[in-house]
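The structure appears right after this line, and notes come after that.
Atoms considered below: every heavy atom in the structure, side chains included; atoms not considered: hydrogens, waters and symmetry mates. By convention in this document, chain letters (A, B, ...) are assigned in the order of the sequence lines, proteins followed by strands, and residues within each chain are numbered from 1.
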2 protein chains.
Amino acid sequence: MHQPDHLKNAGLKSTLPRLKVLDLFENSEERHLSAEDVYKQLLTSGEDVGLATVYRVLTQFEQAGLLVRHHFEGGKSVFELKQGEHHDHIVCMQCGHVEEFYDAAIETRQEKVATELGFAIRDHSLHIYADCTRKKCPHRR
Amino acid sequence: MHQPDHLKNAGLKSTLPRLKVLDLFENSEERHLSAEDVYKQLLTSGEDVGLATVYRVLTQFEQAGLLVRHHFEGGKSVFELKQGEHHDHIVCMQCGHVEEFYDAAIETRQEKVATELGFAIRDHSLHIYADCTRKKCPHRR
DNA sequence: ATGCAAATGATAATCGTTCTTATTTGCGTT
DNA sequence: AACGCAAATAAGAACGATTATCATTTGCAT
Ligand SMILES: [Mn+2]
Ligand SMILES: [Mn+2]
Ligand SMILES: [Zn+2]
Ligand SMILES: [Zn+2]
């Protein structure tokens, strides 16, 4: 889906570290990755990229519109491939599993609320923290 | 409204630093304060409390249910007095002004979404980032 | 007033992230 | 294919927010 020239189109030279990071997001099991996640996964697969470079590249990709950054609880930034449609997140407090959802009613209510209060929305984040029911989840009874 | 014995009820000794911090939240102009905010305001009013103590006390108050902690963008934690009713926040990206709101429709939709996805909600945060229209706001045209 | 567990405050340590700078690389041009 | 150079990288220092350590102080039950 993404090609080396996606980088050029974004005004970024197609360098080895950038291609590796992009590749990781395209082929990783987990959609939502922190800088540390990216760094460690690259190390594990033998690719060695400096941690500073990972941070720099993630920020550049965010600015270029290739990635979206989220601030879930826990302090660290998490990134995912930007693939058009906006969505919100529900995070399992037991296993960290992240599920995505979109609810049109919520989105419109937000607009309404903001307008009534005299605000013009630029962005928003809705994070639901919950317990999931996946077999893998350590919380399962 | 809060008395020294609110602390005792929460299982916390009523010490000087704790009383000062609680007092600040009760009498401060701004409802939503960071640790740094609290520390500086105490210094300004002549009270001297160590920064470490401020952090410690804020966390204890959160655990005791006296304060609620929020993670707005910008990295630092922000606290406010817990006064019963849950609400969400809309933050001005220009002046930092925080407005509170509650929308029943949004709350119920969240429950619905979570249930459908097989999650049991424990908590959530909805932060709307926007431009406000207050006279004080530097963004005003 | 006394004793002691609990709390404080100064400072060191930690964590995620950004900055600095010497070295390397991508890539358009010979 | 070799050059030249701006742009990018890597290693480590620096940073800002927060937490941990530990010697000293304080609240409070006796
Ligand atoms: Mn997502
Ligand atoms: Mn609030
Ligand atoms: Zn789970
Ligand atoms: Zn404003």
DNA chain C contacts among residues 27-36 of chain B, heavy-atom distance under 4.0 Å: none
Which residues pass the side chain to side chain donor-acceptor pair (under 3.5 Å) test with B:Arg109, sequence neighbours left out? A:Asp103
Would you please name every residue forming a ring pair (Phe, Tyr, Trp, His ring centres under 6.0 Å) with B:His124, sequence neighbours left out? B:His86
Those residues that, when tested against A:Thr53, pass side chain to side chain donor-acceptor pair (under 3.5 Å) (two or more places apart): none
Interatomic distance where CZ belongs to B:Arg18 and P belongs to C:dG9 [whole Å]: 11 Å
In whole Å, I'd like the distance from the CG atom of B:Asp48 to the P atom of C:dG9. 7 Å
Would a single hydrophobic cluster contain both A:Ile121 and B:Val98, if residues Ile, Leu, Val, Met, Phe, Trp and Tyr are joined by side-chain heavy-atom contacts under 4.5 Å? no
A:His32: ring pair (Phe, Tyr, Trp, His ring centres under 6.0 Å) partners, not counting sequence neighbours: A:His89
Within residues 50-62 of chain A, those residues having any heavy atom closer than 4.0 Å to DNA chain D are A:Gly50, A:Ala52, A:Thr53, A:Arg56
Residue of the set B:His70, B:Glu36, B:Glu62, B:Arg69 for which side-chain hydrogen bond (donor to acceptor under 3.5 Å, both in side chains) holds with B:Ser77: B:Arg69
Would a hydrophobic clustering, with Ile, Leu, Val, Met, Phe, Trp and Tyr connected at side-chain separations under 4.5 Å, put A:Tyr55 with A:Phe72? no
Across all chains, not counting sequence neighbours, the side chain to side chain donor-acceptor pair (under 3.5 Å) partners of B:Ser34 are B:Asp37
Whole-Å distance separating the CD atom of A:Glu73 from the P atom of C:dG16: 16 Å
B:Arg134 side chain near B:Cys95 side chain, heavy-atom distance below 4.5 Å: yes
Nucleotide range of DNA chain D contacted by chain B, 5' to 3', under 4.0 Å to a heavy atom? D:dA17 to D:dC28
Check nucleotides 1-3 of chain C for protein N or O atoms closer than 3.5 Å to its own N or O atoms and list the pairs.
none

Taking atom C1' of C:dA5 as reference, at what distance in whole Å does atom CG of B:Leu12 sit? 15 Å
A:Cys137 and A:Asp131: side-chain contact (heavy atoms from CB on, under 4.5 Å), yes or no, with the steps? CA-CA 9 Å; A:Cys137 188; A:Asp131 296 325; over 6 Å; no
Below 3.5 Å between N/O atoms, which protein atoms pair up with nucleotides 23-25 of chain C? Just atom names and distances, please.
none

Would a 4.5 Å heavy-atom cut-off, applied to side chains only, mark A:Ile90 and A:His127 as touching? no
Under the salt bridge (Lys or Arg N to Asp or Glu O under 4.0 Å) rule, collect the residues that match up with A:Arg31, sequence neighbours excluded. A:Glu80, A:Glu100
Could you give all pairs that pass the ring pair (Phe, Tyr, Trp, His ring centres under 6.0 Å) test and reach residues 97-121 of chain A, with sequence neighbours left out? none
Candidate pair B:Phe25 and B:Leu66, rule side-chain contact (heavy atoms from CB on, under 4.5 Å), full reasoning: CA-CA 10 Å; B:Phe25 273 98; B:Leu66 295 174; over 6 Å; no
Check: A:Ser28 and A:Leu33 side chains under 4.5 Å, non-hydrogen atoms: yes
